[in-house]
Amino acid sequence: MAAERKTKLSKNLLRMKFMQRGLDSETKKQLEEEEKKIISEEHWYLDLPELKEKESFIIEEQSFLLCEDLLYGRMSFRGFNPEVEKLMLQMNAKNKAEEVEDETVELDVSDEEMARRYETLVGTIGKKFAKKRDRANYEEDENGDIKPMKAMKMFLKPQD
Amino acid sequence: MAEAAAVAGESLGGGRARAARTVLGQVVLPGEELLLPEQEDADGPGGAGEQPLRLNAGARSRVRVVCGPGLRRCGDRLLVTKCGRLRHKEPSSGSGGGVYWVDSQQKRYVPVKGDHVIGIVTAKSGDTFKVDVGGSEPASLSYLAFEGATKRNRPNVQVGDLIYGQFVVANKDMEPEMVCIDSCGRANGMGVIGQDGLLFKVTLGLIRKLLAPDCEILQEVGKLYPLEIVFGMNGRIWVKAKTIQQTLILANILEACEHMTTEQRKQIFSRLAES
């Protein structure tokens, strides 16, 4: 049953943690900005210029990370642990603030092929589980592609 | 040592605050006060002669300066709290006066927020683990702070395991808390460190020296044989190689290289490479 209409997910569902993992940083930033706008109007603040004068401009930090550019703590040499070597490249590139190229993951099967497979796959598997009456819906086109299922026959309430 | 004694005599006798710029790279002792660059013109007698008079002499220039480990804020000046060499780093992004810190040496670790450390799990109490990081008290690690962990899907952590994580809370008033994920929820190499290997302790200064971007020791070590190392900022290093003997050699090298000169180190590496 190839659903043609995309189900729209509610905003609350999108805000749940398991949906956030796949998001890009951009969409995350947009979501955060929207939430901030809601907060900032009600946010209370002090408007005292004398306090601002007394604010010191020296910041105390106890961490060495700001002072020295240290490398990432996990290291592997000569292929002992390939995952750690991949991590090393990733983290050290981040530290040097080079442009991290969006690594295009090498695909064995291209996206188009996957889409084509799924299109036909859904039909063939669907046919297997369809009852005899519904199998009539799975007529084959001239090309051999399976046509999408017709609308299911539902009970029509008689109009007065 | 004579240099340090002379410096100490001068500062104790004078009692005058020195400009931080002039002391860069020199040994400083606790109790010294350092002036930041903007204040020199106002306070010091020399140096103001050639500069034109400022109309608003009272207003400060408001450059944000960060004082790092070993320094504290004391009014408008920096107060030294540890003995060591004073260092400075220029700001890369251009917003602020840079970072000053004291390069000191110590063995005792004090938990700092954001540091990656190696801890040993000592106890499981309810929903949290107690992890010994070498500080004054054990850090707490929640079982949900691992990648992909949920209430039903608990991480496989036993007492005695080694954990590589970072601190999210670390100050003198609260118990330190650590996690094994970053702000995006990904592990990034943190979590339980694998089987075998050897954990040993070194000074904190050595860890920073080895993790410096241009460290020759690590490059030479990496050429010897396949190995894996994990550095914790709390002075702990975990190493693993294919055989026990190689692991022990590696551990000995890393411990000894703190006190060796470059030539001695090169001799040892060439002898190892031969055998």
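Numbers restart at 1 for each chain; the letters A, B, ... are given by sequence-line order, proteins then strands. This one's a predicted model, so the numbers in the text were calculated from it and none came from an experiment.
- Only the backbone of B:Lys113 comes within contact range of chain A, with heavy atoms under 4.5 Å apart.
- Between chain A and the residues B:Ile229, B:Leu227, B:Ile237, B:Leu78, the largest count of heavy-atom pairs under 4.5 Å involves B:Leu227.
- Ranked by heavy-atom pairs shorter than 4.5 Å toward chain A, the options B:Asp115, B:Thr150, B:Ile118, B:Asn188 are led by B:Asn188.
- With respect to the salt-bridge test (charged N to carboxylate O, under 4.0 angstrom), the residues B:Arg87 and B:Asp103 qualify.
- Of the two parts of B:Ile207, neither the backbone nor the side chain holds a non-hydrogen atom closer than 4.5 Å to a non-hydrogen atom of chain A.
- Scanning for ring pair (Phe, Tyr, Trp, His ring centres under 6.0 Å) contacts around B:Phe146 gives an empty result, with sequence neighbours left out.
- Contact of B:Lys223 with chain A is made through the backbone alone, with heavy-atom distances under 4.5 Å.
- With a 4.5 angstrom heavy-atom cutoff, B:Val112 touches chain A only via side-chain atoms.
- Residues passing the salt bridge (charged side-chain N to carboxylate O under 4.0 Å, His left out) test with B:Arg236, sequence neighbours excluded: B:Asp132.
- Ring geometry, B:Tyr164 versus A:Tyr72: the interplanar angle exceeds 60°, so the pair is classed perpendicular (tilted spans 30 to 60°).
- Between B:Val66 and B:Tyr100, every side-chain heavy-atom pair lies at or beyond the 4.5 Å cut-off.
- With a threshold of 4.5 angstrom between heavy atoms, A:Leu87 approaches chain B through side-chain atoms but not through N, CA, C or O.
- Within the 4.5 angstrom heavy-atom criterion, atoms from both the backbone and the side chain of B:Arg72 approach chain A.
- For B:Ala170, no part lies under 4.5 angstrom from a heavy atom of chain A.
- With a threshold of 4.5 angstrom between heavy atoms, A:Leu65 approaches chain B through side-chain atoms but not through N, CA, C or O.
- Chain A forms the most heavy-atom pairs under 4.5 Å with one residue out of B:Glu228, B:His116, B:Met233, B:Met190, and that residue is B:Glu228.
- Atom OH of A:Tyr118 has 12 or fewer heavy atoms from other residues, nucleotides or ligands within 6.0 Å.
- With A:Ser76 as reference, A:Glu85 is the one residue of A:Glu85, A:Lys86, A:Glu83 to meet the side-chain hydrogen bond (donor to acceptor under 3.5 Å, both in side chains) rule.
- Remark: B:Arg208 qualifies as a cation-pi partner of A:Phe64 under the 6.0 Å distance and 45° angle criteria applied to the six-membered ring.
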